[in-house]
Amino acid sequence: AGFDSNAPEAWDQSQGFGSPNVIIAIIDSGVNYNHVDLNDNCIPGYDYVSNDSNPMDQDGHGSQCTGVAAGEANNGIGVTGVAGGCKIMPIKAMSNNGDITFTAITNALTHAADNNANVISMSLGAENNMAEGSDLACDAAINYAYAAGCTILAATANSNAAVIAYPANHHAVI
């Protein structure tokens, strides 16, 4: 309650809906890249759950997060994402039932950095008192992506706890 992105005010500025030269990597349960509000903005991604090039979302979580970030602007249907003019790189690291491993997150972060993502968005979090230093491989991947120039965003988790979940509590993550 009370969240307002002020997107309409931002859209009225010179950057408009965002640049098609900006790539937003969505690390989640995949993306329904056939959805009319997403398909024109999607570029090739990867599925680190099945280890193939088909990061199709089956549960909708990743697609919903993608729509908020970069649902296509001005197509006359559905909604507009905050940066609806940007490109979307779907990276599936979460299974259809919500399971996720740090290996998948690590691989997804590295993939995003190696494939020119400008922004990495992760709607995920480990809610078991993990902090920076708890998973050295994932820390290294976050630092690698950050050094490559990626702006990295992560959810603070869903438990309404006083402690922010990992990886959002990493120094290189917003």
Side-chain angles (χ1 to χ4, degrees), residues 1 3 5 7 18 22-73 75 77-115 117-130 134-135 137-138 141-142 145 150-161 163-170 173-174:
F3 172 78
S5 67
V22 172
I23 298 171
I24 302 171
I26 304 291
I27 298 176
D28 207 288
S29 62
V31 172
N32 179 354
Y33 44 80
N34 294 321
H35 190 285
V36 294
D37 277 335
L38 306 176
N39 62 357
D40 288 340
N41 290 351
C42 282
I43 62 172
Y46 199 80
D47 179 346
Y48 283 100
V49 176
S50 299
N51 290 312
D52 62 34
S53 60
N54 183 15
M56 179 58 84
D57 186 10
Q58 301 298 319
D59 79 354
H61 187 267
S63 297
Q64 184 272 333
C65 294
T66 303
V68 170
E72 188 176 339
N75 65 352
I77 20 182
V79 299
T80 297
V82 173
C86 295
K87 294 294 181 194
I88 301 161
M89 179 188 299
I91 306 177
K92 187 171 185 168
M94 186 184 309
S95 72
N96 295 335
N97 60 359
D99 294 332
I100 191 166
T101 66
F102 283 107
T103 300
I105 297 169
T106 298
N107 290 338
L109 286 160
T110 303
H111 180 100
D114 286 348
N115 287 279
N118 305 98
V119 177
I120 297 172
S121 177
M122 298 180 283
S123 181
L124 52 89
E127 301 180 271
N128 55 355
N129 296 319
M130 286 189 69
S134 295
D135 190 289
C138 195
I142 291 169
C150 298
T151 299
I152 308 166
L153 307 150
T156 59
N158 295 321
S159 65
N160 198 24
V163 177
I164 295 174
Y166 181 86
N169 61 12
H170 189 282
V173 177
I174 299 170

Report summary line: In this structure, CG of D28 is separated from CG of D57 (nearest 0.5 Å) by 7.0 Å

Query raised in the report: Got L38 and S63 here, is their nearest side-chain heavy-atom distance under 4.5 Å?
Result: yes

Query raised in the report: So E72 and I77, side chain to side chain contact (heavy atoms under 4.5 Å, CB included) or not? Walk me through it.
Result: CA-CA 9 Å; E72 188 176 339; I77 20 182; over 6 Å; no

Requested in this report: Would you sort out whether N54 and Y46 count as a side chain to side chain contact (heavy atoms under 4.5 Å, CB included), showing the intermediate values?
Outcome: CA-CA 6 Å; N54 183 15; Y46 199 80; over 6 Å; no

Query raised in the report: Quick one: does I88's side chain get under 4.5 Å of I24's, heavy atoms only?
Result: no

Query raised in the report: Hey, does I142 have a side-chain heavy atom less than 4.5 Å from the side chain of I152?
Result: yes

**Report entry** Minimal non-hydrogen separation, M130 against N169, with atom names
**Finding:** O-ND2, 2.9 Å

Report summary line: Heavy atoms of A112 and I91 approach each other most closely as CB-CD1, 3.9 Å

Query - side chain to side chain contact (heavy atoms under 4.5 Å, CB included) between C138 and L109, worked out - result: CA-CA 8 Å; C138 195; L109 286 160; 4.2 Å; yes

Query - Pairwise side-chain contact, T110 with Y48, heavy-atom cut-off 4.5 Å (strictly under) - result: no

Query - Spacing of H35 atom NE2 and C42 atom SG [to the nearest 0.5 Å] - result: 11.0 Å

Report task. Check whether any side-chain N or O of D59 sits under 3.5 Å from a backbone N or O of G30 as a donor-acceptor pair, and report yes or no. Result -> no

Requested in this report: Would you confirm whether T80, through its side chain, and G84, through its main-chain N or O, come within 3.5 Å as a donor-acceptor pair?
Outcome: no

Requested in this report: With rounding to the nearest 0.5 Å, note down the distance linking CG in L124 to OH in Y166.
Outcome: 10.5 Å

Query raised in the report: Are L153 and I174 side-chain neighbours, meaning at least one heavy-atom pair lies under 4.5 Å?
Result: yes

Query - Gap between atom CD1 of I27 and atom CE of M89 - 0.5 Å precision - result: 9.5 Å

Query - Polar side-chain atom of N75 near backbone of V36 as donor-acceptor pair, under 3.5 Å - result: yes

Query raised in the report: Taking side chain as C-beta onward, heavy atoms only, is I105 less than 4.5 Å from P167?
Result: no

Query raised in the report: Yes or no on side chain to side chain contact (heavy atoms under 4.5 Å, CB included) for N32 and M56, after CA distance, side-chain angles and deciding distance?
Result: CA-CA 5 Å; N32 179 354; M56 179 58 84; 3.7 Å; yes

